[in-house]
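Take a look at the structure set out below.
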Amino acid sequence: MPVPDPLLTPTITATPPVGVPPWRPQSLLVPAVLGGVLAVTVLGLVNAGRLDQSRSARLALLGTGLLALGARIAVTLLLTPSVGGPARAVGAAAGVLTWLTVRGTQSRPFRAYELRGGEPARLFWPGLAAIVGFGVVEAVLLAVLLAWAGR
Amino acid sequence: MTAPEHRHLDRVAALLDLGRPEQALAELGRLPAGPAGDIRAFRLRAAALTELDRWAEVADTARYGLGQGPDAELLGRLGLALRHLGQYPSAERALLDALALAPHSAWLLTQYADLCLLVGQTTKAESLVARAAAADPVSPAVYASRYQLAYATGDRRGAEQVAREFLGRYPEHPSALALHGLAAAGRGRMGVASRSLGQAVAQDPTGAAAAEAAWETRVYAHPLLLPLRPLYRLGMFPTWLIAVGTLLVLNLLGWAPAALAAALCWAAYCVYSWVAPPIVRRLVLGRWRG
C-alpha cells in the first residue's frame with residue numbers, strides 16, 4: 001500500500017469565522033506608548049478575540065501585560081517615585097514591551113486575515129478611549145501605591 | 001467534435017490569452033449544444049469566468065464539467081472558486097482531488113499553498129510552494145505564491161525581491177505589475193506603486209483587486225499625505241524608535257524647551273497619521289463622485 005504524501009493530506013477543518021474586523025497590530029504601538037501597559041494589553045486581548053486566536057496566545061499576552069505592569073510599578077516605586085516625568089517614560093517603555101508580544105503573536109494571523117480580503121478596523125476612537133481611560137487608571141494606581149509606600 | 005468546432009474553441013482560447021474573457025464567453029455561447037458540452041469548452045468557460053471573478057458560476061461550470069468525469073483543471077477551478085466563496089474545507093477537498101490526478105502541477109500546488117496561507121498554515125504553504133517551484137520555477141503562479149508567502153511571513157524585502165524577479169521575467173504580466181506595485185506600496189514608494197498598478201489595470205482592466213489597489217495608492221500619493229511618506233517608508237516601529245530616541249537625547253542634553261517642542265510635534269504627527277488618510281480618502285472619493 002503506498003504511503004500517503006503528508007503534504008497532500010487534508011488539514012483545513014473549518015473556514016475562519018467572520019466577525020468584527022481586527023485592528024492592525026502595528027497600530028497598537030500608539031496606545032502602547034501614549035496609554036501604557038494596561039491600554040495595549042486590553043486592546044491586544046480584544047484584538048486576539050477578533051483574530052480568533054488560541055487560548056495560549058491570549059494567555060501569553062495577558063502574562064506579558066501583567067509582568068510588564070508589575071515591572072513598571074516596581075521600577076517607578078524604586079527609581080522614580082512620581083507619576084509624571086521619568087515615570088511616564090518607564091510606562092511607555094513597558095507599553096512597548098507588551099506591544100512587542102502583541103506584534104509577535106498577532107502579525108501572522110492578521111496578515112492571513114488580510115490575504116482573505118479583510119480590511120482592518122479603525123483604531124482612532126477605541127485607541128483614544130484606551131489611552132485616556134487606562135492612562136488615568138494607571139496613573140491613579142501608581143499615585144495610590146506611592147502614597148501607600150509613603151513616597 | 002468537427003474541425004470548425006475545434007477552431008471555434010481555439011479562437012476562444014486565443015481571446016482568453018488576449019485578456020478578453022467577456023468576448024470569450026460570448027463566443028462560447030455561440031457553440032451548438034454538442035461541443036458546448038465538451039470538456040475543453042467547460043475548461044475555457046471556467047477560465048473565462050475566473051478572469052471575471054464570477055466565482056459562483058465558476059463553481060457551477062466546473063461541477064457540470066466534472067459530471068463527464070474527473071479532470072484536474074476543472075477540479076482546480078472548483079477549488080479556486082470555493083476558496084473565493086469562503087468554503088475552505090470543500091476547496092481543499094477539490095484541490096486534493098485535482099492533485100491526486102496531477103501531483104506535479106505547479107498551478108495546483110500553488111493554489112493549495114495559497115489556500116493554506118489563508119488559514120495561517122504557513123509551514124505547509126512553504127513546502128507546497130517549494131514543490132511547485134521545483135516543478136516549474138518560472139511559472140507566474142509560482143512567483144505569485146512566493147510573493148504571498150513572503151508577505152504572509154512578514155518578509156517585506158523578500159516580497160519585493162520576488163516581485164522584481166517576476167517583473168523582470170514577465171514585464172507586461174498584469175500580476176507581475178500588480179505585485180510589484182503592492183510591494184512598492186508596502187515599502188512606502190507610492191509613486192512607483194501608483195505607476196505599476198496603473199499599468200497592471202491597463203493590461204487587465206477586469207482585475208478588480210489591482211484597480212482597487214491602484215485607487216488606494218493614488219489616495220496615498222495625494223499631496224496632503226506627503227508628510228506621512230517617511231512613516232510608510234521606514235515602517236512604524238523604526239519611526240517611533242527615532243522619535244523616542246530623539247526625545248531621550250534632547251532630555252539628556254538638558255534642552256527641555258527643544259524636547260517639549262519635539263514631543264508636541266511628534267504627538268501632532270501621530271494624530272495626523274491617524275486622521276489624514278481617511279479624510280483624504282473621503283476627499284478623493286467625493287471629487288470622483290462629483
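Convention: sequence-line order gives letters A, B, ...; per-chain numbering from 1.
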Is it the backbone or the side chain of B:Arg83 that comes under 4.5 Å from a heavy atom of chain A, or both, or neither?
neither
Residue B:Trp274 versus chain A: region with a heavy atom under 4.5 Å
both
Rounded distance [0.5 Å steps], [atom1] in [X] versus [atom2] in [Y]:
X	Y	atom1	atom2	value
A:Thr11	B:Leu96	OG1	CG	8.0 Å
B:Tyr112	A:Ile12	OH	CD1	5.5 Å
B:Trp240	A:Leu29	CH2	CG	5.5 Å
B:Leu117	A:Arg108	CG	CZ	10.0 Å

Which bit of [X] comes within less than 4.5 Å of chain B, counting heavy atoms only: side chain, backbone, both or neither?
X	value
A:Thr13	backbone
A:Leu100	side chain
A:Pro10	both

Would A:Leu8 and B:Leu128 count as a side chain to side chain contact (heavy atoms under 4.5 Å, CB included) if you check the C-alpha gap in whole Å, the side-chain angles of each, and the deciding distance to 0.1 Å?
CA-CA 9 Å; A:Leu8 302 182; B:Leu128 287 163; 4.1 Å; yes
Does CZ in B:Arg157 sit with more than 12 non-hydrogen atoms of other residues, nucleotides or ligands closer than 6.0 Å?
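Incorrect, the count does not exceed 12.
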With a 4.5 Å heavy-atom cut-off, do A:Arg111 and B:Thr153 have their side chains touching?
no
Quick check on the interface: out of B:Ser273, B:Gly154, B:Ala100, B:Gly120, who has the most heavy-atom pairs with chain A under 4.5 Å?
B:Gly154
